[in-house]
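Below, each value reflects all heavy atoms present in this structure, side chains not excepted, and no hydrogens, waters or symmetry copies. Sequence positions, counted from 1, serve as the residue numbers for this chain.
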Amino acid sequence: MTQSMKKISIKPGLGCSQLILGSMMLHEEKMEFSAGLMDAYVTAGGNSIDTAHVYGASSSRAVGIWMQERKNRADMVIIGKGAHHDDKGPRVTLEGMEQDLAETFERMQTDYVDIFMLHRDDPNQSVGYIMESMNKQLEAGRCHALGVSNWTIARIQEANEYAAAHQLEGLLCNSPNLSLAKPNEPRWAGCISVYADDAAWHERTQLPLLSWSSQAGGFFTGRYTPDNGDAELIRVYYSEDNWERYRRAEALAKQKGVSTNDIALAFVLNQTFPTCALIGPNSVAELQSSANALALSLTQEENRWLDLRKES
């Protein structure tokens, strides 16, 4: 039986379920697995899939084949990210946007994405040029809303101020990394994570935030210890503050009878501004485990305590 899942409004008539299914683990060559995961996600009440041109043709084709077979394109909110840099450099151009969208449509057997996001920023491009170019995609019906991934708050604000001054549609959502564990350094080049000032801006503006790596790459699963971890996790997340956050999440999890990882995901979903969490389960069991956090409410006092913040 299909369950319901809270949705975050991006604009009237367009809402994303609080858990958004990532697509990097979906492959056309593994359709039984891929379709089974997407079926389980919809059964859990989800309606949004995060895709990106740079994830490759196989991932997008898997989503497209599944939507064709289930005849559910109109029911799904597809996020399409494009204009990622390549080995020649930045591609945040009108041509880059249109090329990636055209290839995405061909792969996915559709003629629009619900939300079009720029996957990276190019500070050398003016926000005026970027917003004019993105609005051309809206006007052509290739997307229904605009957003960005891995942009600084300053650039988002500048872009939306330009849009407002020039009667253009602005950016309606932001997709950075937000997690209970705070990265020591970017996980990948050009990635943006949310810290206190960024969260305060989102609280003021109420701009929806769609967090990638919301569970900090498995930091809160219990598979790792301060003395044991993989190289990337150690580089990005190992710090005394993060291990203290882990200990606090573990203690609160015992109080509430849930897992430490549930607490970490609930932290993201219980902010003072609209949030969704992108998840990348590698099995139906992992998907269902993430869904447990949806029923978990945390007070702002609990969230501040988990995040080592003093009372404001």
Side-chain angles (χ1 to χ4, degrees), residues 3-10 14-26 37-38 40-52 55 76-79 81 114-115 117 147-150 172-183 187 191-195 198-199 202-203 206-221 236-237 245-246 249 252-253 258-298 300 302-303 306-307:
Q3 302 170 15
S4 62
M5 191 183 293
K6 180 182 174 184
K7 293 182 173 57
I8 298 302
S9 176
I10 304 300
L14 178 58
C16 290
S17 50
Q18 266 207 298
L19 293 184
I20 297 173
L21 186 67
S23 61
M24 288 183 72
M25 66 288 185
L26 306 176
L37 201 55
M38 287 184 276
Y41 170 69
V42 169
T43 298
N47 77 336
S48 305
I49 300 179
D50 175 69
T51 75
Y55 295 165
M76 301 305 298
V77 173
I78 299 296
I79 299 166
K81 302 197 296 292
D114 297 272
I115 304 171
M117 287 188 174
V148 289
S149 183
N150 297 300
L172 298 184
C173 52
N174 177 28
S175 185
N177 163 242
L178 168 65
S179 64
L180 177 56
K182 302 300 179 280
R187 193 163 172 189
C191 285
I192 298 290
S193 291
V194 169
Y195 297 91
D198 309 306
H202 272 279
E203 183 173 7
Q206 291 296 298
L207 190 81
L209 187 152
L210 285 47
S211 170
W212 57 263
S213 200
S214 50
Q215 292 163 299
F219 182 80
F220 294 96
T221 59
V236 178
Y237 290 115
R245 291 182 177 103
Y246 181 97
L252 192 58
V258 298
S259 75
T260 306
N261 209 39
D262 289 342
I263 294 290
L265 186 52
F267 169 84
V268 173
L269 298 177
N270 285 271
Q271 293 293 315
T272 54
F273 47 87
T275 56
C276 299
L278 277 60
I279 58 171
N282 287 302
S283 67
V284 171
E286 285 187 10
L287 169 65
Q288 291 167 341
S289 174
S290 292
N292 292 339
L294 293 166
L296 189 54
S297 291
L298 297 181
Q300 287 313 301
E302 288 171 328
N303 256 15
L306 286 169
D307 202 21

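Closest of all the heavy-atom pairs between Glu302 and Ser297 is OE1-O, 4.1 Å. Residue Ala291 comes nearest to Leu19 through the heavy atom pair CA-CD1, 3.8 Å, listed as atom of the first residue, atom of the second, then distance. The two residues Asn174 and His202 make their nearest non-hydrogen contact at ND2-NE2, 3.1 Å. Residues Val268 and Cys276 approach most closely at CG1-O, 4.4 Å, considering heavy atoms. A pairwise comparison of heavy atoms in Val194 and Ala199 identifies CG1-N, 3.8 Å as the closest pair. The two atoms that bring Ser23 and Tyr55 nearest to each other are OG-CD1, 3.6 Å, heavy atoms only.
Contact of the Ile10 side chain with the Pro274 side chain is not registered, since no non-hydrogen atoms from C-beta on lie closer than 4.5 Å. Using a 4.5 Å heavy-atom cutoff, the side chains of Cys16 and Ile115 are in contact. The side-chain heavy atoms of Leu178 and Gln271, taken from C-beta on, include a pair separated by under 4.5 Å. The shortest side-chain heavy-atom distance between Ile79 and Leu210 falls under the 4.5 Å cut-off. Using a 4.5 Å cut-off on side-chain heavy atoms (C-beta onward), Arg187 and Asn177 make no contact. Residues Leu252 and Leu298 meet the side-chain proximity criterion, which asks for heavy atoms closer than 4.5 Å. Side-chain contact between Met25 and Leu37 is present, with at least one heavy-atom pair separated by less than 4.5 Å. Using a 4.5 Å heavy-atom threshold, the side chains of Gln288 and Pro281 count as separate.
With rounding to the nearest 0.5 angstrom, the OH atom of Tyr237 is 11.5 Å from the CZ atom of Arg245. The structure places CD of Glu203 at 3.0 Å from OG1 of Thr272, a figure rounded to the nearest 0.5 Å. The CG atom of Leu269 sits 4.5 Å away from the CG atom of Leu265 when rounded to the nearest 0.5 Å. To the nearest 0.5 angstrom, Leu287 atom CG is 11.0 Å from Asn282 atom CG. Going from atom CD1 of Ile192 over to atom OG of Ser175 covers 12.0 Å, rounded to the nearest 0.5 Å. Taking CG of Asp262 as the start and CD of Gln215 as the end, the distance is 8.5 Å to the nearest 0.5 Å.
Phe219 and Tyr246 have perpendicular rings, their planes meeting at more than 60° on a 0 to 90° scale where under 30° would count as parallel.
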Let me see the working for Phe220 and Ser179 under side-chain contact (heavy atoms from CB on, under 4.5 Å), right down to the final yes or no. CA-CA 10 Å; Phe220 294 96; Ser179 64; 5.8 Å; no
Determine whether Leu180 and Asp307 satisfy the following criterion, side-chain contact (heavy atoms from CB on, under 4.5 Å), listing intermediate values before the conclusion. CA-CA 6 Å; Leu180 177 56; Asp307 202 21; 4.2 Å; yes
Might you work through the side-chain contact (heavy atoms from CB on, under 4.5 Å) test for Met76 and Val42, ending with a clear yes or no? CA-CA 9 Å; Met76 301 305 298; Val42 169; 4.1 Å; yes
Under the side-chain hydrogen bond (donor to acceptor under 3.5 Å, both in side chains) rule, what do Asn47 and Ser17 come out as? Steps first, then yes or no, please. CA-CA 6 Å; Asn47 77 336; Ser17 50; 3.0 Å; yes
Show the numbers, then the answer: is there a side-chain contact (heavy atoms from CB on, under 4.5 Å) between Ser48 and Lys7? CA-CA 10 Å; Ser48 305; Lys7 293 182 173 57; over 6 Å; no
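In this structure a side-chain-to-backbone donor-acceptor pair under 3.5 Å is present from Asp114 to Ile78. At least one donor-acceptor pair closer than 3.5 Å links the side chain of Gln18 to the backbone N or O of Thr275. Under the 3.5 Å distance criterion, the side-chain polar atoms of Ser214 are matched with a main-chain donor or acceptor of Leu278. Judged purely by atom type and a 3.5 angstrom limit, Asn270 uses its side chain to pair as donor or acceptor with the backbone of Ala266.
Among Asp50, Thr51, Asn150, the one residue that satisfies the side chain to side chain donor-acceptor pair (under 3.5 Å) test with Lys81 is Asp50.
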